[in-house]
Amino acid sequence: MSAKKPPHVGDVSRRAAAHLLQAASASLSARGEFVVALSGGSLPKLLAGGVGEGELEKAGVGRWTVLLADERMVALDDEESNYRLVRECFPGLGEEQVLAVDVGADVGGAVRDYEAKVGEAVAKSGGVFDAVYLGLGPDGHTASLFPGHELLGVEGVNVAGIWDSPKPPKERVTLTLGCINQARQIAFICTGEGKKEVVRSIFEDEGCRLPGALVGGEGELDWFVDEGAASAMRNAAKM
Ligand code: 6PG
């Protein structure tokens, strides 16, 4: 990102998609697997929108295993379902490749089921996600990890449930911070002026404890941010 020519949503979309395709190709070459988690919200559309014709096939899409960074406890065909969104945005993925949360169970049951699914999936790629793609809420939440919420302190598991999400619906299932932070690659995709204050805070406020600021571990962390989302930053040129 440069201060002279800030990226528009289309550029962010293309760059993030290139990151995804590169992560997939590299993981498949290195380990024969690509195990990736995707958030909901605007992210699946932004990512898929930047993929050119034939590129998914070239990046071995038929061999990907896709999980959800978080899911809303609604029917899988509901407008609000992240599963539905991912399936619609990436029609090249077979049904068995996108691992759904058991939204027919209660939150506790869905967490146990998804913990098993995540565990089995990441076991194929050395125990960690190859890549996790995250959105960012204007309050600094990411996946379904909300500012100040006790879920941020959950340790030793990959998946947790939330019953009191400030963003509807209240009941959700999410990857934990510990699980996300172990990923080989993590990327945020964040667009629009509505995010400018939270992006500024994450990059410029020392000791920022917003969930988005707590993401990052041993692996690579990348941010794909457009002009609007970066517009409150003093140091945008350094991103
Ligand atoms: C969900 C999410 C959530 C989302 C952010 C940003 O609600 O399902 O996964 O964490 O990524 O709220 O959403 P937008 O990209 O739509 O602003």
Side-chain angles (χ1 to χ4, degrees), residues 7-10 12-13 15-17 20 36-50 66-90 98-101 103 107 110-111 114 118 129 131-149 151-152 158-177 179-181 183 186-202 210-215 221-231:
H8 297 290
V9 175
V12 165
S13 199
R15 288 179 198 185
L20 171 70
V36 60
L38 304 179
S39 286
S42 60
L43 184 139
K45 212 170 171 179
L46 281 168
L47 258 185
V66 178
L67 293 106
L68 301 162
D70 69 327
E71 179 60 292
R72 304 129 183 227
M73 289 296 282
V74 296
L76 295 181
D77 60 357
D78 191 285
E79 277 285 293
E80 291 291 310
S81 163
N82 287 340
Y83 173 84
R84 184 193 61 82
L85 200 59
V86 168
R87 293 290 314 280
E88 275 180 18
C89 292
F90 292 93
V98 185
L99 303 186
V101 168
V103 293
V107 177
V111 167
Y114 218 52
V118 168
F129 277 99
V132 176
Y133 291 87
L134 297 168
L136 183 73
D139 60 351
H141 82 261
T142 191
S144 288
L145 301 166
F146 290 87
H149 198 280
L151 270 195
L152 291 169
N158 290 316
V159 179
I162 174 165
W163 286 260
D164 58 353
S165 165
K167 179 180 177 182
K170 283 187 179 314
E171 296 193 343
R172 292 159 168 258
V173 168
T174 184
L175 296 183
T176 58
L177 196 55
C179 174
I180 292 169
N181 285 348
I186 304 170
F188 277 96
I189 305 172
C190 187
T191 62
E193 281 220 17
K195 312 279 173 74
K196 69 180 182 189
E197 187 44 41
V198 70
V199 169
R200 188 208 59 72
S201 179
I202 288 172
L210 292 172
L214 302 177
V215 169
L221 174 64
D222 292 290
W223 281 78
F224 297 93
V225 180
D226 75 341
E227 184 177 9
S231 59

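The chain is numbered in sequence order, starting from 1. Keep in mind the model is a prediction, meaning the values are calculated, not measured. Quick note: numbers below take in every heavy atom, side chains included, and nothing from hydrogens, waters or symmetry partners. First listed ligand is number 1; within each ligand, the first listed atom is number 1.
In terms of polar-atom proximity, Gly40 is counted as a contact of ligand 1, with an N or O under 3.5 Å from an N or O of the ligand. Residue Ser144 has no nitrogen or oxygen atom sitting less than 3.5 Å from a nitrogen or oxygen atom of ligand 1, judged on distance alone. Considering backbone and side-chain N/O atoms, Thr142 never comes within less than 3.5 Å of an N/O atom of ligand 1.
For ligand 1, the atoms closer than 4.0 angstrom to any heavy atom of Arg172 are 1 (C), 7 (O), 8 (O). When each atom of ligand 1 is checked for a heavy atom of His141 under 4.0 Å away, the hits are 3 (C), 5 (C), 10 (O), 12 (O). For ligand 1, the atoms sitting less than 4.0 Å from at least one non-hydrogen atom of Gly135 are 11 (O), numbered in the order shown with element in parentheses. For ligand 1, the atoms closer than 4.0 angstrom to any heavy atom of Leu136 are 6 (C). Taking a cut-off of under 4.0 Å to the non-hydrogen atoms of Ser42, the atoms of ligand 1 that pass are 14 (P), 15 (O), 16 (O).
The side-chain heavy atoms of Ile186 and Phe129, taken from C-beta on, include no pair separated by under 4.5 Å.
Within the 3.5 Å criterion, the main-chain N or O of Gly10 finds no donor-acceptor partner in the side chain of His8. Ser39 places a side-chain N or O within 3.5 Å of a backbone atom of Tyr133 that can act as its donor or acceptor partner.
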task: Could you please spell out the steps behind the side chain to side chain contact (heavy atoms under 4.5 Å, CB included) verdict for Val103 and Arg72?
output: CA-CA 8 Å; Val103 293; Arg72 304 129 183 227; over 6 Å; no

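Legend: residues meeting side chain to side chain donor-acceptor pair (under 3.5 Å) with Tyr114, ordered by chain and number and at least two apart, are absent. Every residue was checked against the side chain to side chain donor-acceptor pair (under 3.5 Å) condition with Ser42, not counting sequence neighbours, and none meets it.
For atom 1 (C) of ligand 1, the closest non-hydrogen atom of the protein is Arg72 NH2, 3.2 Å. The protein non-hydrogen atom at the shortest distance from atom 17 (O) of ligand 1 is Lys195 NZ, 2.7 Å. Distance from atom 9 (O) of ligand 1 to its nearest protein heavy atom, with residue and atom name: Asp70 OD1, 2.5 Å.
Just one of Leu136, Thr142, Val132 meets the side chain to side chain contact (heavy atoms under 4.5 Å, CB included) condition when paired with Val215; it is Thr142.
Nearest residue to atom 4 (C) of ligand 1 from Lys167, Glu80, Glu71, Lys45 is Lys167 (criterion: closest heavy atom).
Between Leu76 and Arg84, the shortest heavy-atom contact is O-CB, 3.1 Å. Summarising the geometry of Gly228 relative to Lys196, their closest heavy-atom pair is O-CB, 3.4 Å, with the distance given to 0.1 Å.
Under the 4.0 angstrom criterion for non-hydrogen atoms, Ala143 is in contact with ligand 1.
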